[in-house]
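Here is the naming used below: chain letters follow the sequence lines, and residue numbers restart at 1 for every chain.
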Amino acid sequence: MSFNVQLYNKMLTDNNVEVVYSGPIWSSGIDGMAEMLLKRLEYEDIPLNASQSVFSVFVEQMNNMLMYSAERHFLTNLDGTQISSSKGIYILGVKEGAYFIQTGNVVTSSNAEILRARIDFLNTLDKKELRQYYKQQLIAGNDNPVSKGAGIGLIEIARRASEPIKYEIDKLDNGSLYFTMHVIIKQGGKQ
Amino acid sequence: MAFRLEKEKTTSTPFVLIDEEKKYMKLEGRSFNENVAEFFKEVNDWLDGYLTSNFGTFTFDCAISYFNSSTTKLLLNMLLKMDSHASKEKKIVVNWLTTEDNEIMVECGEDFRDDLNNLQFNLIIK
């Protein structure tokens with residue numbers, strides 16, 4: 001039987017999911033999704049703080065997936081050049097007036113442990129401590145050797161989130177690890 | 001000939017203007033491209049040379065409305081580099097232009113300001 005779109009749509013609606021993307025993630029692809037999100041946030045009459053927070057969490061999560069997804073492919077441009085892409089899922093929803101962004105991607109076991117340790121630590125800090133830690137890490141440089149980015153994206157996510165970052169690391173049937181992250185941003189801005 | 005660079009903004013990269021003749025640089029828009037280091041390489045390369053010259057007074061207007069964590073790090077390094085060259089003879093003025101409701105940029109400006117000792121950092125909130 002073919003994929004049941006109607007059932008899928010019901011699942012999305014029942015769970016307050018408004019946008020779903022599943023597939024390759026690459027730099028200019030993120031730009032396209034970012035434009036869509038920016039336009040959407042512009043149409044919704046919410047404080048700049050809240051829309052900036054939603055946008056910032058989106059950007060950092062997409063960049064994290066681009067860097068750390070263990071499922072990678074090459075996309076070939078028309079001129080024959082190749083660019084690296086990652087596979088992942090991005091979900092945006094609104095529940096009881098709060099935005100939520102969920103992402104999912106396969107990770108290596110070493111990255112899973114780094115993510116677990118970092119998020120657990122960040123969740124112990126309050127907003128003021130997060131701001132100080134962010135600045136400290138900006139100056140200290142990059143303590144994660146596998147990171148191509150600034151390695152501070154997760155701190156930024158924690159700063160913008162209204163609640164502690166939720167995550168799960170599940171073992172798939174084929175033995176690889178699947179990392180999901182759930183970030184909530186209340187429209188009133190930060191707590 | 002004086003160096004000049006002008007880059008139009010895109011979704012994820014800011015408008016860039018360097019006008020060496022006017023001793024002026026400006027960034028405006030959003031910056032969240034994954035490959036931010038490559039995007040700013042030309043700016044950084046120019047700055048490396050320019051800052052060692054006797055430019056007198058140099059002004060940098062930073063009117064970025066949003067940047068991601070990688071850009072934050074890059075920009076802080078850029079400002080620290082400027083700060084290390086700023087002196088009585090080589091005056092550097094940085095205007096951090098933002099709006100009151102842009103909490104991310106206001107907080108970032110405040111945090112950056114604390115680490116800059118030699119250049120003149122103006123946090124301009126409208």
Q: Test B/Glu34 against A/Ile30 for side chain to side chain contact (heavy atoms under 4.5 Å, CB included), laying out the working first.
A: CA-CA 9 Å; B/Glu34 164 246 350; A/Ile30 295 178; 5.6 Å; no
Q: Under the side chain to side chain contact (heavy atoms under 4.5 Å, CB included) rule, what do A/Ser27 and B/Asn35 come out as? Steps first, then yes or no, please.
A: CA-CA 8 Å; A/Ser27 190; B/Asn35 220 335; 5.6 Å; no
Q.
What verdict does the salt bridge (charged side-chain N to carboxylate O under 4.0 Å, His left out) test give for B/Glu110 and A/Lys135, after you've listed the backbone C-alpha separation in whole Å, the side-chain angles of each residue and the deciding distance to 0.1 Å?
A. CA-CA 11 Å; B/Glu110 288 170 356; A/Lys135 196 181 157 188; over 6 Å; no
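Around atom CD of A/Glu96, no more than 12 heavy atoms belonging to other residues, nucleotides or ligands sit under 6.0 Å away. For A/Asn4, the CG atom sits in a packed shell: over 12 heavy atoms of surrounding residues, nucleotides or ligands are nearer than 6.0 Å. With a 6.0 Å radius and a threshold of 12 heavy atoms from other residues, nucleotides or ligands, A/Asp173 has its CG atom at or below the threshold. Heavy atoms of other residues, nucleotides or ligands lying less than 6.0 angstrom from NZ of A/Lys87 number 12 at most. Within a 6.0 Å sphere centred on CD of B/Glu38, other residues, nucleotides and ligands contribute 12 heavy atoms or fewer.
For the atom pair CZ (B/Phe67) and OG (A/Ser56), the distance works out to 10.0 Å, reported to the nearest 0.5 Å. The structure places CG of A/Leu48 at 6.0 Å from OG1 of B/Thr99, a figure rounded to the nearest 0.5 Å. With values rounded to the nearest 0.5 angstrom, B/Asn68 atom CG is found 9.0 Å from A/Phe55 atom CZ.
At a threshold of 4.5 Å between side-chain heavy atoms, the hydrophobic network of Ile, Leu, Val, Met, Phe, Trp and Tyr places B/Leu80 and B/Val93 in two separate groups. Under the 4.5 Å side-chain heavy-atom criterion for ILVMFWY residues, a single connected hydrophobic cluster contains both A/Tyr21 and A/Val94. Side-chain heavy atoms closer than 4.5 Å link hydrophobic residues (I, L, V, M, F, W, Y) into clusters, and following such links, possibly through other members, connects A/Val54 to A/Met36. If you chain together hydrophobic residues whose side chains sit under 4.5 Å apart, A/Val106 and A/Leu66 never meet in one group.
No hydrogens or angles considered: a donor-acceptor pair under 3.5 Å links the side chains of B/Glu103 and A/Asn49. For A/Tyr134 and B/Ser69, the side-chain atoms include no donor-acceptor pair closer than 3.5 Å.
Residues B/Phe32 and A/Asn63 approach most closely at O-ND2, 3.9 Å, considering heavy atoms.
Ranking A/Met62, A/Gln52, A/Glu156 against chain B, the residue ahead of the rest is A/Gln52, based on heavy-atom pairs under 4.5 Å.
By the 4.5 Å heavy-atom criterion applied to side chains, B/Ile104 and A/Arg160 are counted as neighbours. Here the side chains of A/Gln137 and B/Lys73 are not in contact, with every heavy-atom distance at 4.5 Å or above.
Both the backbone and the side chain of A/Asp31 come within contact range of chain B, with heavy atoms under 4.5 Å apart. For chain A, the nearby part of B/Asn33 is the side chain; its heavy atoms alone come within less than 4.5 Å. Heavy atoms of B/Phe112 lying under 4.5 Å from chain A belong exclusively to its side chain.
A donor-acceptor pair under 3.5 Å links the side-chain atoms of A/Arg131 to the main chain of B/Glu107, judged by distance alone.
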Solution key, residues 48-57 of chain B side-chain donor-acceptor pairs under 3.5 Å, sequence neighbours excluded:
| residue | atom | partner | partner atom | Å |
| --- | --- | --- | --- | --- |
| B/Asp48 | OD1 | B/Lys81 | NZ | 2.8 |
| B/Thr52 | OG1 | B/Gly49 | O | 2.6 |
| B/Ser53 | OG | B/Tyr50 | O | 2.6 |

